[in-house]
Amino acid sequence: GLRLPKEYISLYNSKDPNLSLLNLVLEKAPNWSIGYVDPVVNMGTNDEGIPAIIKRSFEVDSQDIYSFLTQSAASAYQCVFLFDIMNREINVYSIENLGKDSGVFLSFRNVVQSININETTEDSVYTRFNVAGADDLNIDAVNFGNSYIEDLSYFLREKYMDASLIEKYKNWQAFIGQQRETYIDVTKQYNTVMNEQSEIMYRVPNDGCKTDWTTFTTEELEGLIDTYTDMAQALKDNWYIDGEWTNDAAYRDYRCYTETIVPNIKITLENREGQTTDPTYKDKELINAWETDWDLFGLQELKTKLESYQENAQSLVDYAKPWNELTDEEKREKTEQSYTIYHDRWQEYRNLIDECSVAVEERQKEYDSYTSKLDALQEQRLQITASVDKETFGFTEDEIKLLSQFYNDSDYVNENILITSLDDVESTLEVQKQLLEAANEELSIENHPQLSFSTSIDNLFAIPEFKQWREDFDIGNFLYLST
């Protein structure tokens, strides 16, 4: 059936602690409280620029709170957790917003005694990532059907290639950025059409239509009446606008709730009461009209039902003729009453076969109409993918060979980014874009040699001239170091 929207747990939700990861974590550390939480960490934006919760997932077998926050959560949300020991508060800052320019300049002319600088070799520079998220999530739908991304920025210097190739590569990167949005838009259309076609194939009635309500207690059934009535009303409130249903799936579920499920629960209660108070009570039959409400079934289910009707009709083929058309020989050893019962049953299956065959034909036409749409959209995607191919863009064979010399591959796997069963076409693509952006950000770090350094300096806090800058020596603040 149709699922109604639900909220996700975010890093911090000031209005609902039950949907706040920080509040849930600090239930295990009640002496600590939440201080400042950078909005950038908690909320992102979707394609339309509308604020959207940043969704992440965690699988932790055993980890203390400090390690979980400073390792798992910090990596997932690209943030820094600062612990105010005096006030027992946890403050959260995005990496981009952490710290300030202190204006402090350290050199050999004032307090620096020694500096050791180490640079990683070019062999340890990664220029291509094979990207993946949690539960087989990939970026193919937002990356031209490919899970690889590349960035040769560090090597775009005349030390490695001529100026014309550098310019061509930069133009190619810009072109990819332009085409990506078009590709994502077409993919969004493709996935939407594919989901609609899949729904036509695999549609089934609401599970409540075939539930055996006699297995529930009276108290449970009375509660379910209220539950299903509320669900039906919620569907109507959301999808019944200006006298018309704007969502077919919602309307089908609404009809199942109001025409079958709730009435059958009430009949079950009535039968139970009758059986208790009257030994001669005869049970009322449950409503089963839904079984031949062809709109509730997809193509696969309709074909299964049609096959079942045909098999049943075939088993009664000896009773196909009405009694008055039988010869005396055919009537021998038969009674009209018994024969007519089987004939009526055969006729019932024949009628169902005729009706169901029409429904199968109509549903097949619906299904096939989507196939042509998918083919057209897939052709657009293939054309866009071909346009960003290096050879198609204009790189020569020698240029492609030269560029390939700078490829150094690595896997980028972010288990904190995932999709759930509640994600639709648009939100799934949004998550895939988040994974792509996270991978690109990491690749921008890994695609050039990294510097590490250590320094020995005089004790600044013992020098009167540095007294005014003591408060600037805080985690995240920027200092200048002259080499």
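Everything quoted here is computed from the prediction, not taken from an experiment.
Atom CG of N116 and atom OG of S454 lie 4.0 Å apart (nearest 0.5 Å). A distance of 6.5 Å separates NZ of K188 from CG of L429, quoted to the nearest 0.5 Å. In this structure, D136 CG and L418 CG are separated by 12.0 Å, a value rounded to the nearest 0.5 Å. Between atom CD of residue E441 and atom CD of residue E96 there is a gap of 8.0 Å, rounded to the nearest 0.5 Å. Note that the NE2 atom of H448 and the CG atom of L443 stand 10.5 Å from one another [nearest 0.5 Å]. The distance from the CG atom of N87 to the CG atom of D84 is 4.0 Å, given to the nearest 0.5 Å.
Judged by distance alone, the side chains of D409 and Y148 never bring a donor and an acceptor atom under 3.5 Å apart. A side-chain donor-acceptor contact under 3.5 Å links N130 and S147. Under 3.5 Å, the side chains of R88 and S33 contain no donor-acceptor pair of N or O atoms. A donor and an acceptor atom, one from each side chain of T182 and D185, are nowhere located under 3.5 Å apart. Side-chain N/O atoms of D38 and S94 include a donor and acceptor closer than 3.5 Å. Between the side chains of R128 and N408, not a single donor N or O lies within less than 3.5 Å of an accepting N or O. For the 3.5 Å distance criterion, the side chains of N13 and D16 fail to qualify, holding no donor opposite an acceptor. For the 3.5 Å distance criterion, the side chains of D237 and Q233 qualify, holding a donor opposite an acceptor. Using modelled atom types, one finds no donor on one side chain facing an acceptor on the other under 3.5 Å when comparing E446 with S410.
Side-chain contact between D293 and R255: present, with at least one pair of heavy atoms (C-beta onward) separated by less than 4.5 Å. A heavy-atom distance below 4.5 Å is found between the side chains of L374 and M194. Side chains of L98 and L82 form a contact here, defined as non-hydrogen atoms less than 4.5 Å apart. The closest side-chain heavy-atom distance from K168 to F393 is below 4.5 Å. Residues I463 and D458 have side chains in contact (heavy-atom distance under 4.5 Å, counting atoms from C-beta outward). Within the 4.5 Å cutoff, the side chain of F144 has heavy atoms near those of the I176 side chain. Between I267 and I287 the shortest side-chain heavy-atom distance falls below 4.5 Å. Contact annotation: the side chain of D242 never approaches that of E244 to less than 4.5 Å [non-hydrogen atoms, C-beta and beyond].
Partners of T428 under the side chain to side chain contact (heavy atoms under 4.5 Å, CB included) rule, at least two apart in sequence or in another chain, are I419, D423, Q432. With sequence neighbours left out, W294 forms a ring pair (Phe, Tyr, Trp, His ring centres under 6.0 Å) with no residue at all. In this view, F108 satisfies the ring pair (Phe, Tyr, Trp, His ring centres under 6.0 Å) rule with no residue, not counting sequence neighbours. By the side chain to side chain contact (heavy atoms under 4.5 Å, CB included) test, N440 is found to be paired with I149, L436, residues two or more places apart in sequence or in another chain being considered. Under the ring pair (Phe, Tyr, Trp, His ring centres under 6.0 Å) criterion, Y254 pairs with W245, sequence neighbours left out. Contacts of F83 classified as side chain to side chain contact (heavy atoms under 4.5 Å, CB included), with partners at least two apart in sequence or in another chain: W32, Y66, L69, T70, F81, I90. Residues satisfying the ring pair (Phe, Tyr, Trp, His ring centres under 6.0 Å) criterion with Y12, sequence neighbours excluded, are absent altogether. Remark: R203 engages E199, D295 in a salt bridge (charged side-chain N to carboxylate O under 4.0 Å, His left out) (not counting sequence neighbours).
Among pairs with a residue in residues 381-391, those fulfilling side-chain hydrogen bond (donor to acceptor under 3.5 Å, both in side chains) read E150-K390, Q179-S387, T187-R381, Q378-R381, E379-Q383, K390-Y407, at least two apart in sequence or across chains. The ring-ring contact (aromatic ring centres under 6.0 Å, His included) contacts involving residues 411-444 comprise F129-Y412, where partners must be two or more places apart or lie in separate chains. Among residues at least two apart or in separate chains, there is no ring-ring contact (aromatic ring centres under 6.0 Å, His included) pair with a member in residues 185-210. Among residue pairs with one or both ends in residues 419-438, none qualify as ring-ring contact (aromatic ring centres under 6.0 Å, His included); sequence neighbours excluded.
One N or O on the side chain of S372 and one on the backbone of S369 form a donor-acceptor pair closer than 3.5 Å. Between the T392 side chain and the V388 main chain, no donor and acceptor come within less than 3.5 Å of each other. Under a 3.5 Å cut-off, the side chain of S107 and the backbone N or O of S482 do not form any donor-acceptor pair. With hydrogens and angles disregarded, no donor-acceptor distance shorter than 3.5 Å links the side chain of S456 to the backbone of Q113. Looking at T211, its side chain never comes within 3.5 Å of a backbone N or O of W213 through a donor-acceptor pair.
None of L21, L22, N23 except one satisfies the side chain to side chain contact (heavy atoms under 4.5 Å, CB included) rule with V25; the exception is L21.
The minimum heavy-atom distance linking I65 with A29 is given by the pair CD1-CB, 3.8 Å. Closest of all the heavy-atom pairs between E158 and A163 is OE2-CB, 3.7 Å. Of all the heavy atoms in L269 and T218, the pair that sits closest is CD2-CG2, 3.8 Å. Closest non-hydrogen pair, L235 versus A250, comes out as CD1-O, 3.8 Å. Here the closest non-hydrogen pair linking N416 and S72 is OD1-O, 4.2 Å. Minimum heavy-atom separation, C209 to W290: O-NE1, 3.5 Å.
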Under the side chain to side chain donor-acceptor pair (under 3.5 Å) criterion, do S427 and D424 qualify, and how do the steps go?
-> CA-CA 5 Å; S427 62; D424 56 18; 2.9 Å; yes
Intermediate values then yes/no, ring pair (Phe, Tyr, Trp, His ring centres under 6.0 Å), F175 and W172 | CA-CA 5 Å; F175 180 69; W172 176 70; 9.1 Å; no
Give the intermediate values and the outcome of side-chain contact (heavy atoms from CB on, under 4.5 Å) for residues L106 and Y480.
-> CA-CA 6 Å; L106 307 179; Y480 293 92; over 6 Å; no
Give the C-alpha distance, both sets of side-chain angles, the deciding distance and a yes or no for salt bridge (charged side-chain N to carboxylate O under 4.0 Å, His left out) between K170 and E167.
-> CA-CA 5 Å; K170 289 180 177 179; E167 184 67 21; 5.7 Å; no
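Because its NZ or CZ atom is both nearer than 6.0 Å to the ring centre of Y154 and within 45° of the ring axis, R157 counts as a cation-pi partner of that residue.
Within a 6.0 Å sphere centred on CD1 of I445, heavy atoms belonging to other residues, nucleotides or ligands number more than 12. Other residues, nucleotides and ligands contribute over 12 non-hydrogen atoms within 6.0 Å of the OH atom of Y36.
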